[in-house]
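Some notes on the structure that comes next.
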Amino acid sequence: MSATAFRAVVALLPMALFIAPVRLLLEGDMAVHMLVEFPLLLAAGASASRWVPGSLARIAKLCDWKGISTLLAFILVSAFWMIPAALDAALLEPGVAAAKYASWWLVGLALPSALRTAPPAIVLFFAGNWVWMSATAGLLYVDAPQRLCLSYMEESQRHAGAGLLVAAVAMTIAGFAARSRD
Amino acid sequence: MPQRSSALPTLATCTLLAVAFCAAVASVTLDLNAWTREDARRLRIEGTPIALSPLEMIGHDRRALGPWSKDRAVARIYLVDFIYTRCTSLCISLGSVYQRLQQALFDRGLVSKVALLSISFDVPRDTVADAAGYARVHGAAPGAWWVAIPDAGGLARLLREAGVVVIPDGAGGYAHNGGIHVIDAQGRLLRVFDIEQYEAALDFAVSRSSGPRP
């Protein structure tokens, strides 16, 4: 399979979420939902970015000086889907589920261009905010005395919390590694 | 130094994103008052009671029940919980709380006004015989506490309307957003209380139970 074909397949992967068993596999566990499905949606959008028409890309670039709009969108989308009520709504209401898929995919679509144009200081600022936000949410999920989501058990919630903490640490290490290379 | 014009569209975009984010958060959290769906459910019910569809059930005494169907109510108001008879955790706590509520009904002479209703959501696995066994174990008194098996279609509709979500607990049982649901004889879900707040639930039910039985 050529690289282009592979990117096309990845870009269209979210269509598999229309298949109930696939959706159950990716959304049946809170940790898998947040730490696998969300990045996959992001990657799918990023794979589709090379097919954005030039005119649209120019307009988008106009509104995304130094990648700030996209990186802000990434933070806001991440923050929103960490809210337990939002996560439950995505599982129980089809309209909210569609908004979830679209929000992550669209952020992914804009992310490659934003990361190419954003200076390291701006990337660091947004990455740093994502780290503390994810770590805080992770600790809340781990320490909460009751189920926060109606759709998940406490164990699943604790795993998701631990996963967010690991992701926050991984992002921090990646940031330091990138910094030391520069 | 970048030209101001190159940053203005970005500033406008960021502003739109922030506004959209705030609107979405306010919507899903009921203006930052409920960060979980269960909290939002209870707040919505408190603000606007939910009209529940009529529901047909068989009581543990094999009596046909339509607690909020016209002319078939057995009380003015019900304290409803959702159980499954094989439960070894939450339902046991609910059972003992309902024993205390039942005693309070007799002590305060409320038996004809307020009734306890435990509805199984494990249909069709739970049978009327299972409900009778549950009622026997917990000492459900005739006329005060019914353990009921609803019809499957009606149950699905009730759970959906009341916002009760049941999930497998991974150990052969179920977990659900429980609590004590206060439902009047017209089928309006008026309030949901935590199990620990059973006395407040009873006081609230009494305050809403005035007037003749329908």
Side-chain angles (χ1 to χ4, degrees), chain A residues 24 28-30 58-93 95-96 99-100 103 106-107 110 114 117-119 122 126 137 140-141 144 146-157, chain B residues 1-44 82 89-90 159-160 162-171 173-179 192 194-196:
Chain A
L24 183 63
D29 179 81
M30 192 171 175
R58 277 191 294 277
I59 295 171
K61 201 171 175 183
L62 198 65
C63 299
D64 197 16
W65 182 64
K66 295 191 186 297
I68 289 175
S69 299
T70 298
L71 293 173
L72 176 65
F74 173 71
I75 292 289
L76 295 180
V77 165
S78 297
F80 184 78
W81 296 114
M82 287 182 194
I83 299 173
L87 210 56
D88 261 334
L91 292 166
L92 298 167
E93 297 171 44
V96 179
K100 179 193 71 176
S103 62
L106 289 170
V107 168
T117 56
I122 288 182
F126 284 102
L140 285 171
Y141 291 166
Q146 77 283 349
R147 291 193 302 143
L148 297 174
C149 288
L150 298 181
S151 308
Y152 297 116
M153 296 296 297
E154 288 96 333
E155 191 179 7
S156 187
Q157 177 178 299
Chain B
M1 179 76 150
Q3 293 178 1
R4 187 189 295 180
S5 60
S6 66
L8 278 177
T10 297
L11 183 61
T13 304
C14 288
T15 303
L16 277 171
L17 286 170
V19 168
F21 172 77
C22 291
V25 172
S27 171
V28 85
T29 64
L30 302 185
D31 296 336
L32 306 183
N33 289 308
W35 294 89
T36 68
R37 191 169 177 93
E38 178 61 7
D39 287 344
R41 177 180 85 108
R42 294 189 184 195
L43 265 181
R44 282 199 186 95
F82 294 93
S89 54
L90 179 64
L159 295 179
R160 190 177 60 247
V164 175
V165 176
V166 180
I167 60 170
D169 66 1
Y174 302 100
H176 63 93
N177 47 327
V192 180
D194 285 338
I195 302 169
E196 299 79 22

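In the text below, chain A, chain B and the rest are named by the order of the sequence lines, each starting its count at 1.
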Proximity breakdown for B:I167 and chain A, heavy-atom pairs closer than 4.5 Å: side chain
Residue selection (most heavy-atom pairs with chain A, distance under 4.5 Å) from B:S27, B:P168, B:A175: B:A175
Contact origin within B:A24 toward chain A - heavy atom pairs under 4.5 Å: both
Pairwise side-chain contact, A:K66 with A:L71, heavy-atom cut-off 4.5 Å (strictly under): no
Heavy-atom check, side chain of A:W81 versus side chain of A:S103, under 4.5 Å: yes
Note, B:E38 side chain near B:R41 side chain (heavy atom, < 4.5 Å): yes
Flag side-chain contact, heavy atom, 4.5 Å: B:R42 against B:D194: yes
Closest-packed option against chain B by number of heavy-atom pairs under 4.5 Å, given A:L76, A:L87, A:D88: A:L76
